[in-house]
Amino acid sequence: MSTEVTGVTEVVVRLKLSLLRNGLRQSGGRRAAYIASAVVALLFAALQLLGLIMLRGTAHADSVVILLVAVLALGWAVMPLFFPGGDETLDPTRLVMLPLRPRPLVRALLAASLVGIGPLFTLCLFTGSVVAVAHSGLAYVVGVVAVVLSLLVCVALARAVATANIRLLTSRKGRDLAVLSGLVIALGAQVVNFGAQRLGSSGLAQLDPAADVLRWVPPASAIGAVRSVSEGSYGTGFLQLALTAAALMALIAVWSRHLTRLMTSPDGSTLQAVTEAAIPERKPTGLTRLLPAGRTGTVMERSLRYVWRDPKTKAAWVTSLAIGLIVPLFNALQGTGSIYFACFAAGMLGIQMYNQFGQDTSAFWMVALTIPSPRDAYVELRGRALALLLITLPYATLVTVLTTALLGDWARLPEALGLSFALLGAMLATGAWTSARFPYSIPQEGYKNVAPGQTGLAWISIFGGMIAAALLCAPVIALTIWLNVSEDGDAWTWLLLPAGAAYGAGTTWLGLRLAAPRTAARLPEILTAVSKG
């Protein structure tokens, strides 16, 4: 058995190295990108290692390193969900047809997982964390064990998560997660920025309560064991180290169980196909039953299905929803915000009206066949705008109310809502017009949102439309300023809510009316532009 395990481990590690080497041989650009990313990652790891070493002996150093280890472990847990294609050996279904037993395969895959930039980066940070909190010879000995256990826990955690969700990761929903990875990074950056500002104003002492809890959660408990041994609490340190070892064994057991189930259970390719007669007749359910009849309801349902099912459209919507909420709320929490920041939510979602036909990609030809006249074009644009409003209106209202509650400025709620509704209407109007005048293609594969050669069109469409929307909102903005500077204006600011809503509705109607004839007249050009990707 030992010879078998050693042989399988050696073969899988060599397979990992071969995959890496062959991948770099595919193109010079890919090789250059890998080398550049490796240099940047290792340089950052070296700087972090130096910083952790310099942290040695300072107050709250243990809290910093424990939180750092916990965040690294969280990163190892979620990264396989967003980058399943980054490591070909993460997909154990490729090994299903081989005569391999689960336990030797688990050991082999665990060893192969230690090959790469990620494990080396993590090893550097764990080593620096140990140096920052170890103050005795025995603590350094425990630190060596803690680094090994922590690294193995992170790797096993990533493997267990990937194996448990491999069916999801190789499906369409898995590709949705990969597209949404940029959103997670953006949200994480905002959270880190907010936390750094809070720490800069209040000091590192705020980390102590969280660190006191996390020092008992593997793998951070292993670093906590080093600190406990340094302080002479040998029993506590042994218990924390034992928790990490137990977590490693539990993760390997879970990983092995999922691996066994995955390699022995049937999938869609081995199940009997369902006959057509067995498929029940579809009936409208949920939101579909509430949509209006006719073409308007059909267009709304199609647009909402794109939001839910198309990865690129879903990513754009989720990003807009998240950023539209984060910017006003985070500024309000920091005490530097204004209630007018709530208009950011309407602005972010209003952008989704731009390049409406480009979101359909090459499938737009089927829609184009149903638009023989300006009237049909108007109904098509109206249905798309109504689908957007179905999400945007309650969302913008919610963000405005939450921002108002955090700031405690309830007197300005009507004018903030009125401005949001006016801005949304202006963006719907300009978005409908630029969709017909400056359409561009959105590639379905990869992370690019604009087809090559159409970047200029995208800039004109989005930023030109946003400038035009701001100009269209000038009357409502001027009225808001006048009421706020006027002596008796505060008694009439409530009028800004109905005025803004009416202005937004009128602007939307006028924009759709003006865009409909241009859409019907430019159908061949639009179809050519959106099909280039």
Side-chain angles (χ1 to χ4, degrees), residues 82 168 171-184 186-187 282 284-292 294-326 344-364 366-367 370 379-399 420 423-425 427-432 434-436 439-450 458 461-462 465 508 512 526 530 533:
F82 297 118
L168 169 66
S171 65
R172 177 182 56 82
K173 292 185 178 180
R175 292 191 293 272
D176 292 354
L177 287 173
V179 172
L180 294 176
S181 60
L183 170 63
V184 175
L187 294 179
R282 283 192 58 195
T285 58
L287 181 62
T288 306
R289 295 180 298 179
L290 305 178
L291 298 179
R295 175 165 186 156
T296 299
T298 302
V299 174
M300 291 179 67
E301 182 179 0
R302 185 211 315 141
S303 299
L304 293 173
R305 286 186 184 276
Y306 277 162
V307 174
W308 183 250
R309 293 184 176 183
D310 181 64
K312 288 292 181 71
T313 306
K314 180 187 293 186
W317 269 93
V318 174
T319 302
S320 297
L321 289 169
I323 297 178
L325 179 67
I326 287 174
F344 202 80
M348 287 300 299
L349 292 188
I351 294 176
Q352 303 306 317
M353 188 64 186
Y354 294 87
N355 196 36
Q356 274 292 308
F357 308 126
Q359 297 175 11
D360 296 355
T361 63
S362 58
F364 177 67
M366 293 186 291
V367 178
T370 66
V379 177
E380 175 73 24
L381 290 170
R382 183 181 64 185
R384 293 173 184 252
L386 289 175
L388 190 145
L389 286 172
L390 197 63
I391 303 174
T392 304
L393 277 179
Y395 176 80
T397 304
L398 175 63
V399 172
S420 294
L423 175 61
L424 179 59
M427 297 195 74
L428 291 178
T430 57
T434 58
S435 293
Y440 57 91
S441 178
I442 302 176
Q444 290 300 290
E445 300 297 332
Y447 296 93
K448 293 182 179 180
N449 291 317
V450 182
S461 174
I462 297 177
T508 301
L512 296 178
I526 295 173
V530 302

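For S420, the side-chain hydrogen bond (donor to acceptor under 3.5 Å, both in side chains) test picks out no residue, with sequence neighbours left out. By the side-chain contact (heavy atoms from CB on, under 4.5 Å) test, L393 pairs with L389, F421, L424, sequence neighbours left out. The side-chain contact (heavy atoms from CB on, under 4.5 Å) test applied to T298 returns no partner, not counting sequence neighbours. Taking the side-chain hydrogen bond (donor to acceptor under 3.5 Å, both in side chains) definition, one finds that R302 meets it with E380, sequence neighbours left out. Partners of S303 according to the side-chain contact (heavy atoms from CB on, under 4.5 Å) rule, which considers only residues two or more places apart in sequence or in another chain, are V299, R384, A387. Contacts of S435 classified as side-chain contact (heavy atoms from CB on, under 4.5 Å), with partners at least two apart in sequence or in another chain: Q356, F357.
Atoms CG and OG1, from L386 and T296 in turn, are 7.0 Å apart once rounded to the nearest 0.5 Å. The CD1 atom of I323 sits 7.0 Å away from atom CZ of F344, with the distance rounded to the nearest 0.5 Å. Here the CZ-CG distance, from R382 to L512, works out to 9.0 Å after rounding to the nearest 0.5 Å. The CD atom of E301 lies 6.5 Å from the CG atom of L291; values are rounded to the nearest 0.5 Å. The CD1 atom of I462 sits 9.5 Å away from the CE atom of M427 when rounded to the nearest 0.5 Å. For the atom pair OG1 (T508) and CG (L381), the distance works out to 12.0 Å, reported to the nearest 0.5 Å.
Side-chain contact between L349 and W317: present, with at least one pair of heavy atoms (C-beta onward) separated by less than 4.5 Å. For the pair I391/Q352, no side-chain contact is recorded, criterion being any heavy-atom separation below 4.5 Å from C-beta on.
Contact detail for A322 and Y395: the closest heavy-atom pair is N-OH, 4.3 Å. In this structure, T313 and V307 approach most closely via the heavy-atom pair CG2-CA, 3.8 Å. Minimum heavy-atom separation, M348 to S320: O-OG, 3.4 Å. Summarising the geometry of P439 relative to A436, their closest heavy-atom pair is CD-O, 3.7 Å, with the distance given to 0.1 Å.
Put simply, the side chain of Y354 gets close to the backbone of G465: a donor and an acceptor are under 3.5 Å apart.
Across L388, T430, T392, T434, a single residue satisfies side-chain contact (heavy atoms from CB on, under 4.5 Å) together with M353, and that is L388.
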